[in-house]
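All chains are named by letter (A, B, ...) in the order of the sequence lines, taking the proteins before the strands, and each is independently numbered beginning at 1. Reckoned from all heavy atoms, side chains included, excluding hydrogens, waters and symmetry mates.
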Protein chains: 2
Amino acid sequence: MIEKSTKKRILDAAEKLFALHGFDGTSLRAITTEAKVNLASVNYHFQTKEALVDAVMARRLEVVNRRRLEMLAEAEHAAGANPPRLERTLEAFYRPALELLRSPEAKYFPMLMGRLITETALFQRLFESHLVEVERRFRAAIRRALPDLPPPDLAWRMLFTIGILTQSLAAQPVLQAVLRKASSPCDVDGTVARMVAFASAGLRAPVHKEVGKCAQG
Amino acid sequence: MIEKSTKKRILDAAEKLFALHGFDGTSLRAITTEAKVNLASVNYHFQTKEALVDAVMARRLEVVNRRRLEMLAEAEHAAGANPPRLERTLEAFYRPALELLRSPEAKYFPMLMGRLITETALFQRLFESHLVEVERRFRAAIRRALPDLPPPDLAWRMLFTIGILTQSLAAQPVLQAVLRKASSPCDVDGTVARMVAFASAGLRAPVHKEVGKCAQG
DNA sequence: GTACACTTAAAACGATCGTATGATTGAAAA
DNA sequence: TTTTCAATCATACGATCGTTTTAAGTGTAC
């Protein structure tokens, strides 16, 4: 087989090590050792570590989010004038991320996605370039399916819906002891089905009236 | 007012900076500068950075988890021979963590809890000492409330239930733009009510039969 | 064969990291 | 007053960090 280019070797090694040990916890030397390339080649191909981080994230986020929008568009087309079914909308959001677990090539990336929410600066950079449209389109689709849900509750429930995915991705190395062989992480279809079942029920839950006041803001 | 001890000053500064920038992203020098104490006092009071991290987490996790078990015990007592209501069980899990947001003293800790899941080594250390009993007791309570839920689904749904909290805590600095003023983070009662409504509906969702096979294990 | 652009290599830069050392402080114990 | 000891101080150690420099290869066009 054709040997991988230096650039791709760096991206793959960085993706793996970033996922396992975090961005700050992974040195460029660890990456170049794993990738079996020279240290300076990182700066040659990516200039800085921050740019390498962005490149690692962008490479897969592009694919995942394009697929998400595709599947959402298919769901909307299939529904015609009606709003797409909530379950199908949720699957369009969850599945493209989880499908990566099947690929030996990209299997570390989901764990990395699970880290994204805690990396404030990186998240804000990526949100504008890769997530803002996804958020907008899915919000609109869920809104159409649940027209009676007040916007604040919609916002909170979308956050919870994302949290279901994030937690499952981030927890993979650590919660397998808790999930005592409950279900294998590579059972993508089962995981998607479980997430969709949980999230759709949560999104459809009756809205509690009493919302407390906030003293500070 | 009485000035805080050096040890407490270090813990408070570390809690804040760890929450904002992560463990690897925060140097001991940044902590001692923020705390206005000498660099060497960290090693005098805590020996190593890792021990400081453990101390920062243990200080609040002890309180939060004690309160969780207290509230769960109250719920079980109130229910008598019956299983405690799912809503009350969930509130016992969520509320003690969110109440910290009210306290100026501890307001950074929830964000730090949101980081816990991505710190594999730290999580495993803390799980055995602070979380294993909480997990066991809450699992049992939810199991009693939902006796027909197969154990694998219970495990997954508990993971999702935790994810709702984790995401909300970790996302605070970053998702406020997304949650465009939907609800203020210091509205603890409202947030708890929204989490409980979502999670209880998700936990009670009908179980989808078809669970895919896993090719790899 | 020479010129040229692209890529990789070895080595080192200054900065910053966690940690350790030994002196100094200050108040209680004797 | 003298002794004692926990606490704090300034300082420095060796290691490792991201980044840079300079040179050596590589293939292609002329």
Side-chain angles (χ1 to χ4, degrees), chain A residues 1-59 112 115 118-126, chain B residues 1-59 112 115 118-126:
Chain A
M1 82 178 194
I2 297 172
E3 62 180 87
K4 293 189 288 187
S5 73
T6 298
K7 194 165 180 175
K8 183 161 161 38
R9 296 248 290 273
I10 294 171
L11 285 172
D12 290 344
E15 179 175 289
K16 173 179 175 181
L17 296 180
F18 285 157
L20 293 176
H21 309 115
F23 298 106
D24 289 328
T26 304
S27 70
L28 295 182
R29 283 168 179 82
I31 294 170
T32 55
T33 299
E34 168 87 16
K36 296 189 171 66
V37 302
N38 188 273
L39 171 61
S41 55
V42 172
N43 287 78
Y44 176 78
H45 287 287
F46 300 97
Q47 289 76 44
T48 66
K49 184 181 182 180
E50 184 175 301
L52 171 62
V53 169
D54 289 354
V56 167
M57 299 306 295
R59 177 173 64 153
L112 198 44
R115 286 186 184 274
T118 63
E119 302 284 332
T120 313
L122 170 62
F123 182 88
Q124 286 175 340
R125 264 180 279 142
L126 292 176
Chain B
M1 82 175 191
I2 296 172
E3 60 181 88
K4 293 188 290 185
S5 73
T6 297
K7 193 166 180 174
K8 184 162 160 38
R9 295 247 291 275
I10 293 171
L11 285 172
D12 290 344
E15 180 176 287
K16 173 179 175 179
L17 296 181
F18 285 157
L20 293 177
H21 309 116
F23 299 106
D24 289 328
T26 303
S27 70
L28 295 182
R29 284 167 178 82
I31 293 171
T32 55
T33 300
E34 168 88 16
K36 297 190 170 69
V37 302
N38 188 273
L39 171 62
S41 56
V42 172
N43 286 71
Y44 177 78
H45 287 286
F46 300 97
Q47 288 77 40
T48 67
K49 184 180 181 181
E50 183 174 301
L52 170 62
V53 169
D54 289 354
V56 167
M57 300 307 295
R59 177 173 65 150
L112 198 43
R115 286 187 183 274
T118 62
E119 302 284 332
T120 312
L122 171 63
F123 182 88
Q124 286 175 339
R125 263 179 280 142
L126 293 176

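Take the nearest nucleotide of DNA chain C for A:Ala40 and for A:Tyr44: the residue whose nucleotide is more 5' is A:Tyr44. In this structure, A:Lys49 and B:His45 both approach DNA chain D, and ranking their closest nucleotides by distance from the 5' end singles out B:His45. Both B:Leu39 and B:Thr6 lie close to DNA chain D; mapped to their nearest nucleotides by heavy-atom distance, the more 5′-ward contact belongs to B:Thr6.
Within the 4.0 angstrom heavy-atom criterion, only backbone atoms of the sugar-phosphate kind lie near A:Thr26; the bases stay farther away. Among the heavy atoms of the strands, none lies under 4.0 Å from A:Ser41.
From A:Thr26, atom OG1 reaches atom CD of A:Glu34 across 10.0 Å, with rounding to the nearest 0.5 Å.
Rounded to an integer number of Å, the gap from CD1 of B:Ile31 to C1' of C:dT19 is 14 Å. Per the geometry, CD1 belonging to B:Ile10 stands 14 Å off C1' belonging to C:dT19, to the nearest Å. A straight line from CG of A:Asn43 to P of C:dC13 spans 17 Å, rounded to a whole angstrom. Distance A:Lys36 NZ to C:dT8 C1': 17 Å, rounded to the nearest Å.
The closest side-chain heavy-atom distance from A:Arg125 to A:Met57 is not below 4.5 Å. No side-chain heavy atom of B:Phe46 sits under 4.5 Å from any side-chain heavy atom of B:Val53. Put simply, the side chain of A:Leu39 does not reach to within 4.5 Å of the side chain of A:Thr33, judged on heavy atoms. At least one side-chain heavy atom of B:Leu112 sits under 4.5 Å from a side-chain heavy atom of B:Phe23.
Taking only side-chain nitrogens and oxygens, A:Asn38 comes nearer than 4.0 Å to OP1 or OP2 of C:dA10.
Set against C:dT8, C:dA12, C:dA20, the side chain of A:Arg29 has C:dA12 as its closest nucleotide.
For DNA chain D, the contact window with chain B, defined by any atom under 4.0 Å from a protein heavy atom, covers D:dA6 to D:dA12 in 5' to 3' order.
By the 4.0 Å N-to-carboxylate-O rule, A:Asp12 lies close enough to A:Arg59 to be salt-bridged with it.
With hydrogens and angles ignored, the 3.5 Å screen pairs a side-chain donor or acceptor of A:Arg115 with a backbone N or O of A:Leu20.
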